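Chain letters run A, B, ... following the sequence lines, proteins first and then strands; every chain starts at 1. Being a predicted model, the structure only gives us computed values, none of them experimental.
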Amino acid sequence: MTEDLAQIIAECTEAVQTGRLTIDECLAKYPEYQAELTDLLLMVTQVRVLPRVYPSSEFRQQARGRLLDQLEAESADVSEETAAVGWLPLLRSWWQQNPQTATAGAIALFVGLFAIFIWQGLKAGESEGPAQVVAEVTETVTMAPTTEEEGVVSEPEEVPTATAVPASTEIAAAPLPPGYENSIFIPMLSDSLKLDAQTAAVEVVQGVVEVQQADGQWTAVTNIASASQGQHIRTKPFSSATIRFFDGSIATLGPDSELSLDTVDAQRPDNGFRTVVMTQLAGESDHEVAFRNDGGSLYEVKTPDEGSGIARGTKFKVIFKPGKLSRYIVTEGKVDVSGKGSTVSVIAGQVTVLPIGVAPIAPVYSVSGEGEVTAAGATWTIAGQTFLTDEYTIIVGNPQVGDLVHVDGHLLADGSRVADRIVLIRRAVVNEFSLSGEVEEMGAAWVVAGQTIVIGNQTVIGDGIAAGDTVRVDGVILAEGILQARVITQLEDSLGLPFQFSGLAQTIGADSWVISGQTISMNADTAVDGDIAVGDVVSVRGWILEDGRWLATEIHLEEETLPSFEFTGSVQSMAPWRVAGVTFDTRPWTIIGPQISAGDRVHVRGIILNDGTKVAESITLLSDIEPNVVTFIGVVSSANPWVVNGLPLMSNGSTVVVGEITIGLPVVVKAQLQPDGSWILVSIRPLYPEFGLGCLYLNTPVTTIVNNTTIQVRHWQGNISLDSIGNIGINHVVSLPLCTGWNGTTIIIGSGIIVIYQPVVIIIDDGGNPLPPGCKITKKGNIKCSKKSRKKSS
Amino acid sequence: MDIKQQIEDTQLLAQAQTGNKEAFGHLYEKYLDDIYHYLFYRVSNRQDAEDLTEKVFLKAWRALAKHPPQQLPFRLWIYRIAHNTAIDYYRTRKESVELEQIGHVQSEHLKPEQIVTQNERNQSLLAALKGLKEEHQEVLLCRFVVELTHSETAAVMERSEGAVRILQYRALEALRKILLLRGINKND
């Protein structure tokens, strides 16, 4: 019997997994074993719903670096020709040895190029969130001896642990094979770039990146180029670049930004001090500075208004708004920021501002996050929390009430928040619908699948559509249920799957363009609007053909504040998301249809942020698009009978209601249009059930340890519960995730609290003498030691 | 896994075997999450899962030259390395490891209190799984967490398919007994 049951269980579990049978069908097939089968299959169900776990992004980045180091080290025995990092020697050798598989290999390499782009994009495209843990908690940390140098405030340095060291430092520190000492591993299809301490590697992450030559001419970077002292680097809209220095430090230049390399002498620890000085002339940049504690190394980012930030082993961001201000935001370690003869130390979790002509303002703790705007004006309400504004607040994209925004700000002593920057992410969800059907009438209003569709001034109608054609209509639902078309696309005789997106024109050719990394083919029918030049933001629409080419039907200059994209294709991966070769991010507010898996055909709509990142607003199965079925987003005004956006919806025995639907809740509705014009409710579910109004991350120091599971912090009233405080201590800076639901209730996600900064603690030895021999405490509170004692300590 | 994915893996593997680290890097990126997911449930804590995940890929790189996968798809071959790495981990590890929280349930279909209940149930289930014999844990993880077929599980565990079926049944029976002993109501 055991064997029989084992075989039946095996058959049933595999049948259920492949969708061949349901559990009930299996039980019905073997009624004599129903009791045992029920128990065991229930067990299987429980195990199958264990959540998916992913490695942390910190591990992902650092492990990749360690693996590469290890692979490099283990390749040192290989001959010099094959040990070179370049692709070409290996490929040539492989090609010669495998002529018959050469073609297949070329295809694999092409696929590999896309994956390389994604691999690089993983580093640049990670979504914002709280900073990573700076250091593993230690009970005590030995004070490292320091020197006091004129003009530069030296503070006691934290002794870093493995987790505090940026990944780039680990790559630089690994021993390199012979002949390789001045090379940097860049996984691109080219020979390795020979670097030295005076040369930096400029790499295109996305879009258009240019380097200014000695004669003043700007040259576009193709993948990677070198840059040295005196050169400028700039990015266009929707573009970004990384600048890697020989010592392992990395600067990432954001969109519409420009840096000048003033001094580049990025010596590695064994070869001397590192001196890297640059000036942020416009836009923003992020910096990961390789840790050095040698008393002489310098990594400085200046701004034209005499601002300056000096770092020793940190991650920080610099924003410069010409004529307005500079801002330094620190996420790891510490940066000394100077201006107008005054210097402040900014630690992880803090931000300082230098208004033009003014010394840096005392550092304050920062707050950031994403959420819906429920009030705008002098005071904003974002993600359920109020933000004041001041003359330095920058607002991008003209967000309105109902829109989703990203906010960066700082905290005042009384816990109130001031917005430094508010950036539009997506417009308010409007009453959008999609439906497919036959065109019955055309004119000022069309009739499609028996439904009257109003044509507006902005309606885009595909070419050559005639009565009798099958079309897809995307639009908005106006008051009283009037359907207005935004786009009408012909579905019959289509060339492939439709797409549309906005992006940066990177290359313009006769037969093909590259727009934000996507190659777009052209033919004689492609309509190109006006004078488009490289660097312009354009909107392109067309078909993804059977052979995978993206054929444009029209390209025109983009005028939208928030460019968008929309296309259909097969899901290639879901972590990260990649559909039809396009990689994009998702957010907690992204609507992802249920039961989507790799290989499914989906429809993706989304927005393009100003750094070029694509973020999906919705990902839905193509099979959801059925004739006479409308999917729209709206607000519930009545639950029984159902009314959404003023539209009465009739429910029947098949209506699926997911979750708890209340009056005023934004919902996603699927409804079927009847010949008499009425709507049958197919399904209704909450729009963002978990995201709610949004989440913010407060960076704030711990003020009280109440007990093993409870703390208090400076900028939040009341106790905060954790599973365990671990080694969190007083004055440790923590990042608190704060989320607000649709009902306005705000909760702190205790499990998401992380430490981002720990102050250094002095060891008192048994003799009661806190200082090593030869050391003394200066007036500024630093420890100064003689050279002899410094040698001993290190 | 579809044919296209298998072909892509085969081609990347061929390149990696010639010493092409880049090709190996693509395979690493492709399977990192899956291997971590599997190892997390084998060892029940993130730190060890991370350490073992790194080891698995390093072992894979080293094995490419000496013991390359012959007829096994790369995906199953790397799972087999992960399986053996986990066995070594348990052989050398003496003390028990505290179960780590496996994070919040994400579901748009559940109310908050239901989410809390589901989280608690998941933790209890995880504790029960850890109470099983190693080979019972292994077969349930391969079959129902990683979602390998019987033949794939057999390839990873280096057993016959028939043996896997019997093992699976016994593992489910053992799990059921543990859950009954712990008083977990199947009707919750």
Side-chain angles (χ1 to χ4, degrees), chain A residues 2-3 5-7 9-10 13-14 17 39-40 42-44 46-56 59-60 63-64 66-68 70-72 74-75 78 82 87 90 93-94 97-98 101 104-105 107-108 111-112 115-116 118-119 122 187 575 599 658-660 685-686 689-690 723 751, chain B residues 2 7-8 11-12 14-15 18-26 28-30 32-33 36-37 40-41 46 49-50 53-54 57-58 61-62 101-106 108-111 118 121-122 125-126 129 140-141 143-145 147 149-150 164-166 168-170 172-173 175-176 179 186:
Chain A
T2 298
E3 264 197 52
L5 205 43
Q7 294 306 325
I9 283 282
T13 53
E14 201 149 321
Q17 276 173 304
D39 274 355
L40 297 178
L42 178 67
M43 212 76 44
V44 168
Q46 289 181 343
V47 176
R48 288 187 74 196
V49 297
L50 282 173
R52 176 85 187 188
V53 289
Y54 294 95
S56 64
F59 166 75
R60 198 188 288 277
R64 184 180 68 193
R66 285 195 290 269
L67 179 69
L68 291 176
Q70 198 65 33
L71 300 193
E72 294 294 348
E74 294 191 4
S75 296
V78 181
T82 54
W87 276 68
L90 283 173
S93 161
W94 176 81
Q97 289 168 22
N98 302 278
T101 55
I107 294 168
V111 169
I116 289 166
I118 292 162
W119 189 351
L122 276 177
V658 178
E660 199 175 321
R685 60 181 170 89
E690 286 180 45
D723 293 332
S751 59
Chain B
D2 64 24
I7 292 172
E8 187 181 295
Q11 287 164 344
L12 288 171
Q15 292 169 49
T18 66
N20 187 327
K21 292 177 280 296
E22 194 47 41
F24 186 76
H26 295 316
Y28 166 83
E29 285 293 319
K30 199 169 168 183
L32 173 68
D33 286 351
Y36 175 85
H37 175 64
F40 176 84
Y41 279 106
R46 289 190 185 273
E50 286 176 0
T53 301
E54 278 194 65
F57 283 97
L58 205 47
W61 172 257
R62 289 170 182 156
Q101 290 287 329
I102 47 178
H104 293 286
V105 166
Q106 300 280 337
E108 59 187 56
H109 304 295
L110 302 181
K111 299 177 187 177
Q118 185 64 51
R121 189 200 304 272
N122 288 341
L125 185 60
L126 194 58
L129 280 169
L140 293 183
L141 288 179
R143 284 284 297 123
F144 306 121
V145 174
E147 306 244 350
T149 62
H150 290 100
V164 164
R165 289 168 192 257
I166 300 277
Q168 173 180 266
Y169 167 70
R170 288 182 183 152
L172 287 170
E173 273 292 322
L175 182 65
R176 187 174 69 93
L179 291 173
K186 67 182 179 185

Checklist entry - With only heavy atoms counted, which part of A/Glu14 is less than 4.5 Å from chain B, the side chain, the backbone, both or neither? => result both

Next on the checklist: Among residues at least two apart in sequence or on other chains, which ones pass ring pair (Phe, Tyr, Trp, His ring centres under 6.0 Å) with B/His150?
Outcome noted: none

Checklist entry - Is there a donor-acceptor contact under 3.5 Å from the side chain of B/Glu147 to the main chain of A/Gln17? => result no

Checklist entry - So what's closer than 4.5 Å to chain A heavy atoms on B/Leu141: side chain, backbone, both or neither? => result neither

Checklist entry - Charged N to carboxylate O below 4.0 Å: is that the case for B/Arg170 and B/Glu173? => result no

Checklist entry - With sequence neighbours left out, what residues match B/Phe24 under ring pair (Phe, Tyr, Trp, His ring centres under 6.0 Å)? => result B/Trp61

Next on the checklist: As an exercise: rank B/Leu58, B/Leu140, B/Val164, B/Leu129 by heavy-atom pairs under 4.5 Å with chain A and give me the winner.
Outcome noted: B/Leu58

Checklist entry - Which answer fits B/Glu50, side chain, backbone, both or neither, if we ask what part of it has an atom under 4.5 Å from a heavy atom of chain A? => result both

